[in-house]
Amino acid sequence: MWTFFIILPILYLAGNIYIYLKGKQALKSQSTGVKVLLSIVFWGGVLSFFSSFLFRNLDMPASFAQTVSQVGTGWLVFTLYMVLALLVFDILRLFHLRFKYSFYLSLFLTLSLLGYGNYNYQHPDTRVINMVINKPANTDGQPLKVVAISDIHLGYATNKTMLAGYVDMINAQRPDIVLIGGDLIDNSVAPLRYEHMEEELSKIYAPLGVYMVPGNHEYISGIEESEKFIAQTPIELLRDSVAILPNQIQLIGRDDRHNKGRKTLGQLTANLDKSKPVILLDHQPYDLEKTEEAGVDLQFSGHTHRGQVWPMNWIVDHLFELSYGIKKIGNSTVYVSSGLSLWGPPFRIGTDSEMVVFNITFKE
């Protein structure tokens with residue numbers, strides 16, 4: 001993990017030096033004043049990436065904080081696509097294919113792609129899954145409607161206004177129960193307190209309740225502070241615990257892998273009635289074969305975001321047994337969500353944000 005946080009800044013700075021040198025060549029006919037001004041703007045954007053992390057625990061006006069966060073983290077993706085575009089033109093030059101305005105074409109293509117990615121992110125999908133669990137539950141013969149979301153990452157980027165839209169999406173489904181698969185909070189509880197986001201979270205309505213498990217970002221934000229904030233809402237946080245619902249469904253909430261002393265899945269299911277439905281919330285989708293061994297009927301996870309932007313989705317697809325979507329493992333069904341919102345850069349390119357709706361029918 002620490003290796004990643006060392007390598008990423010090095011690659012980021014190297015990529016921006018490459019872009020700057022290419023831009024300097026493209027602007028050589030411009031006046032010194034224009035070059036200096038654009039250099040200040042460019043390196044200001046580069047450094048804003050680091051500022052978005054340094055300021056995360058400060059109480060700041062929401063609009064200013066969101067601008068700093070989105071410019072800073074967005075510059076990371078801007079760097080990725082500008083470098084890729086410029087490299088393509090440099091490779092074409094090796095084959096004697098020269099483009100006079102390659103820098104400007106790269107900039108246009110990159111900004112167009114980012115515009116699409118932001119639009120795509122702002123319009124999450126609703127994915128409906130109809131499934132059967134061959135165990136009895138007291139639902140009066142009616143399907144159970146479960147709205148499942150993950151990776152909302154509330155903070156300076158996903159602010160209270162965006163949260164209000166998500167709450168409206170959830171309530172429009174008229175769910176029986178709402179499940180949150182971790183990473184409700186982004187990097188700090190400070191912006192949530194500043195904007196009083198507990199007010200919007202308290203508007204989520206489901207007769208059987210709203211349940212969530214911690215994700216790695218609840219630990220990054222400080223698990224104790226995260227618990228205190230969640231306690232101000234109707235959300236019930238499950239940390240290595242089981243909630244028995246009135247309809248006999250057994251809901252397991254597993255603590256995140258950040259807790260090295262968390263219980264095993266076998267320990268959590270040891271005293272459950274396996275003849276009745278078992279649903280598992282586990283933020284990070286690892287060791288999926290143990291889900292079936294433990295008698296779980298449905299597991300809902302998040303964490304992966306499916307990489308958020310291309311080509312990161314290719315990498316994430318190889319890192320996880322299931323990085324996105326649904327998979328049947330014996331008698332168990334596992335669903336890994338790409339997340340309702342996202343971390344950092346406000347773009348979805350090659351992936352989609354989503355809310356999942358499970359319509360579950362049980363054995364009579």
Side-chain angles (χ1 to χ4, degrees), residues 1 3-5 7-8 11 73 76-77 80-81 84 113 116-117 120-121 123-129 131 146-153 157-158 179-186 212-220 252-258 262 265 279-294 296-330 332-358:
M1 179 62 75
T3 304
F4 171 79
F5 285 111
I7 292 175
L8 178 62
L11 292 176
T73 57
L76 182 65
V77 180
L80 170 66
Y81 287 120
L84 289 176
L113 194 56
Y116 158 76
N120 192 36
Y121 160 54
H123 295 79
D125 292 338
T126 298
R127 186 167 186 189
V128 179
I129 306 292
M131 62 176 294
V146 180
V147 167
I149 57 175
S150 72
D151 300 280
I152 301 93
H153 289 273
T158 307
L179 305 179
I180 304 173
D183 282 3
L184 174 68
I185 303 168
D186 192 26
M212 75 166 280
V213 290
N216 55 304
H217 276 259
E218 272 71 45
Y219 278 88
I220 291 171
I252 306 169
R254 196 171 184 199
D255 206 350
D256 188 68
R257 285 163 59 94
H258 265 65
R262 69 173 181 165
L265 192 51
I279 296 177
L280 169 65
L281 289 179
D282 192 354
H283 178 63
Q284 301 190 42
Y286 289 99
D287 303 321
L288 299 183
E289 71 282 353
K290 294 180 180 178
T291 298
E292 200 272 339
E293 293 172 6
V296 172
D297 298 294
L298 171 64
Q299 173 178 331
F300 180 75
S301 298
H303 182 63
T304 70
H305 300 209
R306 212 195 168 193
Q308 286 189 199
V309 298
W310 179 90
M312 295 306 296
N313 53 326
W314 288 358
I315 297 172
V316 171
D317 285 348
H318 283 87
L319 289 177
F320 292 88
E321 176 186 346
L322 180 64
S323 69
Y324 170 70
I326 194 166
K327 183 174 184 177
K328 193 78 173 174
I329 304 175
S332 299
T333 299
V334 178
Y335 191 94
V336 178
S337 175
S338 57
L340 181 55
S341 188
L342 40 71
W343 171 87
F347 311 111
R348 283 281 189 179
I349 301 169
T351 68
D352 298 299
S353 297
E354 68 172 13
M355 174 179 70
V356 184
V357 179
F358 294 100

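Sequential numbering from 1 along the given sequence is applied to the chain's residues. Since we're looking at a predicted model, the values are computed, not measured.
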Exercise for review: Answer yes if the side chains of Asp255 and Tyr219 hold a donor-acceptor pair under 3.5 Å, and no otherwise.
Suggested key: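 Indeed, the side chains of Asp255 and Tyr219 share at least one donor-acceptor pair under 3.5 Å.
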Review point. Are the aromatic rings of Tyr286 and Phe320 close, with centres under 6.0 Å apart?
Key: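 So the answer is yes for these two rings.
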Rounded to the nearest 0.5 Å, what separates atom [atom1] in [X] from atom [atom2] in [Y]?
X	Y	atom1	atom2	result
His258	His283	NE2	NE2	9.5 Å
Leu76	Leu8	CG	CG	6.0 Å
Leu322	Tyr335	CG	OH	9.0 Å
Leu280	Leu265	CG	CG	5.5 Å
Tyr81	Trp310	OH	CH2	6.5 Å
Ile180	Ser150	CD1	OG	10.0 Å

Are any non-hydrogen side-chain atoms of [X] and [Y] less than 4.5 angstrom apart?
X	Y	value
Ile326	Thr333	yes
Ile279	Leu179	yes
Pro311	Leu80	yes

Write down the atom of [X], the atom of [Y], and the distance for their closest heavy-atom approach.
X	Y	result
Phe300	Ile149	CE2-O, 3.4 Å
Asp186	Trp343	OD1-CD1, 3.3 Å
Ala148	Phe358	CB-CE1, 3.8 Å
Arg348	His305	NH1-O, 2.9 Å
Val356	Ser337	CG2-OG, 4.3 Å
Asn313	Gly350	ND2-O, 3.7 Å

With a 3.5 Å distance limit and no angle check, can you tell me whether [X] reaches the backbone of [Y] through a side-chain donor-acceptor pair?
X	Y	answer
Asp151	Ser353	no
Asp183	Asn216	yes
Glu218	Leu184	yes
Ser301	Asp282	yes

Exercise for review: Please assess Val213 against Asp256 for the test side chain to side chain contact (heavy atoms under 4.5 Å, CB included), listing each intermediate value before the final yes or no.
Suggested key: CA-CA 8 Å; Val213 290; Asp256 188 68; over 6 Å; no
Check your understanding: Stepwise, does the side chain to side chain contact (heavy atoms under 4.5 Å, CB included) test hold for Asp317 with Arg306?
Key -> CA-CA 7 Å; Asp317 285 348; Arg306 212 195 168 193; 3.1 Å; yes
Exercise for review: Apply side-chain hydrogen bond (donor to acceptor under 3.5 Å, both in side chains) to Thr291 and Ser332, showing your working.
Suggested key: CA-CA 7 Å; Thr291 298; Ser332 299; over 6 Å; no
Exercise for review: Could you check Lys327 against Val336 for side chain to side chain contact (heavy atoms under 4.5 Å, CB included), going step by step and ending with a plain yes or no?
Suggested key: CA-CA 9 Å; Lys327 183 174 184 177; Val336 178; over 6 Å; no
Point to revise | Member of Gln284, Arg257, His217 meeting the side chain to side chain contact (heavy atoms under 4.5 Å, CB included) criterion with His303 | key: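 Single pass found, and it is Gln284.
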